[in-house]
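Note that the structure is a prediction, hence the values are computed from the model and not measured.
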Amino acid sequence: MDLTYRKAEKNDLPRIMEIIHDAQAVLKADGIDQWQDGSPNPEVIQQDMEFRSAFVIIADNAVEGFFVVSFEPEEDYKNPAKGKFKFNLPYATIHRTAISKNCKGKGISHFMFESAFAEIKEAGLNFARIDTHLENKRMRHIMMREGFEESAVIVLSSSGQERIAAEKQL
């Protein structure tokens, strides 16, 4: 499988939303309320594109994955509800990772994280953070496989929901 990645473009939006809907269906089937409130929605993804922080994974010439790398400090990470971050140096946060249902188990998530790490390093940073629903065992497994260390429980200001946050030195 030929894998590449690039910045997301406006014409990618319908396919990105299909991929997000795939992920929402998996989360719902797993009984996890993450992404079940209509977010991320097209407006959020368009904003990610405007900030030039949205990326797509291309597998064999088709968009099959999506992720965001944010270089802005996360307000929700400032005062964790439990635990604490080991690294308090400038970091980037990986958000909204999703892979199409056609490509599960084909190594695309590893490529996605390697791509995100490359973007973070290119920006001159050496630390990455990520968070997910406490019950999202699939994502927590991927995070650990990619070398993240679970550090804290944060509370999302937008919903009041808790998330497990992890960090990694690149």
inquiry  = Going by the rule side-chain hydrogen bond (donor to acceptor under 3.5 Å, both in side chains), which residues pair with H110 if we only count those two or more places apart in sequence or in a different chain?
reply    = E146

request  = Take atom CG of N79 as the centre, draw a 6.0 Å sphere, and report whether it contains more than 12 heavy atoms from other residues, nucleotides or ligands.
outcome  = no

query = Take atom CG in N11; do more than 12 heavy atoms of anything else shown fall under 6.0 Å from it?
reply = yes

inquiry  = Show me the pairs that pass salt bridge (charged side-chain N to carboxylate O under 4.0 Å, His left out) and involve residues 5-17, at least two apart or across chains.
reply    = R6-E9, R6-D12, R15-E18, R15-E64

key: Test salt bridge (charged side-chain N to carboxylate O under 4.0 Å, His left out) applied to E75 - qualifying residues, sequence neighbours left out   = K78

Set of residues satisfying salt bridge (charged side-chain N to carboxylate O under 4.0 Å, His left out) with respect to E150, sequence neighbours excluded = R140

query = Does the pair R163 and V153 meet the rule for a side chain to side chain contact (heavy atoms under 4.5 Å, CB included), with working shown?
reply = CA-CA 6 Å; R163 296 288 185 259; V153 174; over 6 Å; no

request  = Count the heavy atoms belonging to other residues, nucleotides or ligands that lie under 6.0 Å from NZ of K104, then report whether that count exceeds 12.
outcome  = yes

Summary of salt bridge (charged side-chain N to carboxylate O under 4.0 Å, His left out) pairs that have at least one residue in residues 106-116, sequence neighbours excluded = none

message = Count I, L, V, M, F, W, Y as connected when their side-chain heavy atoms are under 4.5 Å apart, and connections chain through other members. Are I154 and L134 then in the same cluster?
response = no

task = For residues P90 and F127, determine if any side-chain heavy atom of one lies less than 4.5 Å from a side-chain heavy atom of the other.
result = no

request  = Go through the structure and list residues passing ring-ring contact (aromatic ring centres under 6.0 Å, His included) with F51, not counting sequence neighbours.
outcome  = none

ask   = Listed by chain and number, what are the side-chain hydrogen bond (donor to acceptor under 3.5 Å, both in side chains) partners of S157, not counting sequence neighbours?
value = D76

key: Closest contact, heavy atoms only, A98 versus A23   = CB-CB, 4.2 Å

key: Donor-acceptor pair, side chain of E149 and main chain of K168, under 3.5 angstrom   = no

request  = Please go through F111's hydrophobic cluster and name the other residues, only I, L, V, M, F, W, Y counting, with side-chain heavy atoms under 4.5 Å joining them.
outcome  = M1, L3, Y5, F55, I57, F67, V69, F71, I94, I99, I108, M112, F113, F117, I120, L125, I130, M139, I142, M143, M144, F148, L170

query = To which residues is L27 joined in a hydrophobic cluster, defined by side-chain heavy-atom contacts under 4.5 Å among Ile, Leu, Val, Met, Phe, Trp and Tyr, whether direct or through other members?
reply = L13, I16, M17, I19, I20, I32, W35, I45, M49, V56, I58, V63, F66, V68

key: Residues that S109 engages under side-chain hydrogen bond (donor to acceptor under 3.5 Å, both in side chains), provided they are two or more places apart   = R145

key: Residue pairs, two or more places apart or on separate chains, that pass side-chain hydrogen bond (donor to acceptor under 3.5 Å, both in side chains) and touch residues 124-137   = D33-H133, Q34-T132, Q34-N136, Y77-D131, T132-N136

query = Which pairs pass salt bridge (charged side-chain N to carboxylate O under 4.0 Å, His left out) with one or both residues in residues 35-62, sequence neighbours excluded?
reply = D48-R96

